Structure formats: C-alpha cells, structure tokens
Amino acid sequence: MHDHPHQTSLDFAQIILGAPFVLLLLLYLVAVYKSNKSKKRWPRRRTLLLITGIILALLSVTGPLAERAHTDFVVHMIGHLFLGMLSPLLIALAAPMTLFLRTLPVKASRKITSLLRTKFVHFFQNPIVTSILNIGGLWLLYTTRLFELMHENILLHIVIHIHIFLAGYLFTISILYIDPTPHRKSYIYRSVVFIFALAGHAILSKFIYANPPVGISKVEAEIGGMIMYYGGDAIEIGLIIILYYHWFKQTRPKVEIINPKPINGKEELI
C-alpha cells in the first residue's frame, strides 16, 4: 500500500484509465465467442490486433512505464506513441464496431447504425476535425504550461490521457475505413488532410527537440523529439500503406472473364 498522497493519486488514475481498456477487451472477446458460435467465424488476426492494441494502451497508462513517464520525458514519449498512435491503429484494424453490430440484437444494431448516420457523428468523422483534435491537441500540450500542469493535477492528467487516445482513434478511423462509415470522404480528400497532419506532427517533434517543454531538460527533449519524429514516421508509414492498399483494391481494373463457349463463332465477354 502506498501512503504517499501523490502515489495514491497515480494509482487512482491508473485504475480510471486502465478500466475502459480491460472492459473493451472483455466485451470484444465475448462478442468473438458469440460470433464464432452462431455466425461466421471472426478472423483471428483481428482478435490478435485488438489484444495487442489493448496491451500497448494499458502499458502506457498503468504499471511501471506509466509511473516512470511522470519523471522521464523519454519514457513519456514512448507512452505517447503507444497510446495516441499505435494502439488506436491496431484497435481500428480489429474492426470492433463491425463485430459488435454482428453480435448485438437486431434492434440494438439498428439503433447504433442510426446513431452513426447522425450529423454529430459525421462531424467527428471528418478528417479535418479529427486532425485538429489530434495534432492540435498535441501542440497545445507540448507548447504551453499544460504539460507541466498535467503532472500537478491528477484530474487533468486523466482527461489529457483520455483525449490523447480518443483523438488518435478518431483520427485513425477518419482516414481508414475498416468499420461501417456512413459519411465517407474520398481517398483524395483523406490523403490531402493526412499529409497536412503528418507535417504538423513532424514539425511539432522538431519544435520539441529545439524548445523543451517546461521542466524538461534539453537532452530529454532532444531524445523525446527524435522518438516522436522517427517512431511517428514508422506508424504513419503503416497507415499510409493500408490506406493506399484500400485505394488500389477499389480502383484496380476488374478482370474480364472469357466464356469458353463460343457464341456465333465468337467468345463472349462477361
């Protein structure tokens, strides 16, 4: 048991931040079981993606990594990549909404589908909006006293970490359409917005390298900035590959099948 008030607050924050991910994992596994039992088998790769994404998120908000992130900016930046970029991407690729819609009662599925078509959801599916929430939120965090205040106020700490994950997830699903998405934007639209978002993230990492956040040493800021820059690039390359693979699949020419039986002495194209 921790008697130190600050440590007690951190333990509380870890429970609050970790519980939703554990709940999501349990609900997902139950849905997989129901789907496999009564419907078409759910792909194992999607389940593995979900589990990996949840583990990375939990590592960033609970346990030794999360505790050390309070005093070590380098570790904090690793946690940022896990929570705000890699975990959202893996969870999005696990297609949780598709699975839940498949296993929920028809009435509940229809209500969720209707909700997905609302203007409110449409607003938060727009890549421009999600980019502002995601990249703009990071600029606000690292270029103001917000980063310092986050380590002094436990409620602010919880809210910012929730925002980092949700903003990262919303941004990911606004660029990649894995789950049902009623309000779809074109590949060109998403690509252009994505390019600007990449630039914003890269410029911020360089800004951190040259201008350490309040309370962070120059050495830590330089290492943290490089982790953000190169680590972010690696994850973003993966997102780009998936996006353009989907684009290629949709636009590639359809193969014409030749009917082997001649009609009037000629082969028929189907």
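Hydrogens, waters and symmetry mates play no part in the numbers below; they use all other heavy atoms, side chains included. Everything quoted here is computed from the prediction, not taken from an experiment.
In this structure, the side chains of L176 and I173 stay at 4.5 Å or more apart for every pair of heavy atoms. Side-chain contact between M228 and H201 is present, with heavy atoms from C-beta onward closer than 4.5 Å. Side-chain contact between I240 and F194: present, with at least one pair of heavy atoms (C-beta onward) separated by less than 4.5 Å. Proximity of I135 to L204: side-chain heavy atoms (C-beta onward) are nowhere separated by under 4.5 Å. In this structure, R46 and L99 have side chains that are not in contact, with every pair of non-hydrogen atoms separated by 4.5 Å or more. Considering only heavy atoms from C-beta on, T130 stays 4.5 Å or farther from T172 through its side chain.
One distance of note links CG of L89 with CD1 of I175; it measures 11.5 Å at 0.5 Å rounding. Note that CG of L239 is 11.0 Å distant from CD1 of I237, once rounded to the nearest 0.5 Å. I227 CD1 to F73 CZ: the interatomic distance, rounded to the nearest 0.5 Å, is 9.0 Å. The distance from atom CD1 of I203 to atom NZ of K206, rounded to the nearest 0.5 Å, is 7.5 Å. Atom CD1 of residue I16 and atom CD1 of residue I154 lie 10.0 Å apart, to the nearest 0.5 angstrom. For the atom pair CG of L133 and CD1 of I164, the computed distance is 13.0 Å after rounding to the nearest 0.5 Å.
Cluster membership for L155 and F12, using ILVMFWY side-chain heavy atoms within less than 4.5 angstrom, is not shared. Cluster annotation: F165 and L26 are assigned to the same hydrophobic cluster (Ile/Leu/Val/Met/Phe/Trp/Tyr, side-chain heavy-atom contacts under 4.5 Å, transitive). A continuous path of Ile, Leu, Val, Met, Phe, Trp and Tyr side chains, each step under 4.5 Å between heavy atoms, connects I91 with L23, placing both in one hydrophobic cluster. Hydrophobic clustering (side-chain heavy atoms under 4.5 Å, transitive across Ile, Leu, Val, Met, Phe, Trp, Tyr) keeps L198 apart from I132. Hydrophobic cluster membership is shared by M150 and I158, with clusters built from Ile, Leu, Val, Met, Phe, Trp and Tyr side chains linked at under 4.5 angstrom.
Residues H122 and H183 approach most closely at CD2-CB, 3.2 Å, considering heavy atoms. Residues V74 and D72 share a closest heavy-atom pair of N-OD1, 3.0 Å. The shortest non-hydrogen separation linking Q125 to S174 is O-CB, 3.3 Å. Closest heavy-atom contact between A197 and S131: CB-OG, 3.9 Å. What you find for L27 and F100 is that their closest heavy atoms are O-CE2, 3.7 Å. Listed here is the closest heavy atom pair of G18 and T62: CA-CG2, 4.1 Å.
The backbone N or O of L83 sits nowhere less than 3.5 Å from a side-chain atom of S87 that would complete a donor-acceptor pair. Side-chain N or O atoms of S35 include none that pairs as donor or acceptor with a backbone N or O of V32 at under 3.5 Å. For the pair Y177 (side chain) and K185 (backbone), a donor-acceptor distance under 3.5 Å is present. Without hydrogens or angle criteria, W42 side chain to A31 main chain gives no donor-acceptor distance under 3.5 Å. A distance-only check finds a donor-acceptor pair linking the side chain of S109 to the backbone of L101 [under 3.5 Å]. Within the 3.5 Å criterion, the main-chain N or O of F207 finds a donor-acceptor partner in the side chain of N211.
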TODO: Give the intermediate values and the outcome of side-chain contact (heavy atoms from CB on, under 4.5 Å) for residues K111 and K107.
DONE: CA-CA 6 Å; K111 287 183 178 180; K107 189 175 181 180; 4.2 Å; yes

Open item on the list: Before you tell me yes or no, could you show the steps for M97 and I112 under side-chain contact (heavy atoms from CB on, under 4.5 Å), namely the whole-Å CA-CA distance, both residues' side-chain angles and the distance that decides it to 0.1 Å?
Closed with: CA-CA 9 Å; M97 186 58 67; I112 293 175; 3.8 Å; yes

- [ ] Check step by step if side-chain contact (heavy atoms from CB on, under 4.5 Å) holds for I178 and L93.
- [x] CA-CA 6 Å; I178 308 296; L93 293 175; 3.9 Å; yes

Task: F147 vs V214, side-chain contact (heavy atoms from CB on, under 4.5 Å): CA-CA, chis, key distance, verdict - done: CA-CA 7 Å; F147 181 77; V214 178; over 6 Å; no

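Checked against the 6.0 Å centroid threshold, F248 and Y244 do not count as a close aromatic pair. Between Y209 and Y229, the gap from one ring centroid to the other reaches at least 6.0 Å. Taking the six-membered ring for Trp and the full ring otherwise, the centers of H157 and H161 sit less than 6.0 Å from each other.
The aromatic rings of H70 and H151 sit perpendicular to each other, their planes meeting at more than 60°, with 30° as the lower class boundary. Between W247 and Y187, the ring planes are parallel. Angles under 30° get that label, and only those over 60° would be called perpendicular.
Applying the salt bridge (Lys or Arg N to Asp or Glu O under 4.0 Å) rule to pairs touching residues 210-239 yields K218-E222, sequence neighbours excluded.
No more than 12 heavy-atom neighbours from other residues, nucleotides or ligands sit within 6.0 angstrom of CD1 on I188. Around CZ of R184, the count of heavy atoms belonging to other residues, nucleotides or ligands within 6.0 Å exceeds 12.
A search for side-chain hydrogen bond (donor to acceptor under 3.5 Å, both in side chains) contacts involving Y189 returns N126, not counting sequence neighbours.
Each of T143, L146, I208, T144 was compared with P213 under the side-chain contact (heavy atoms from CB on, under 4.5 Å) criterion, and only I208 meets it.
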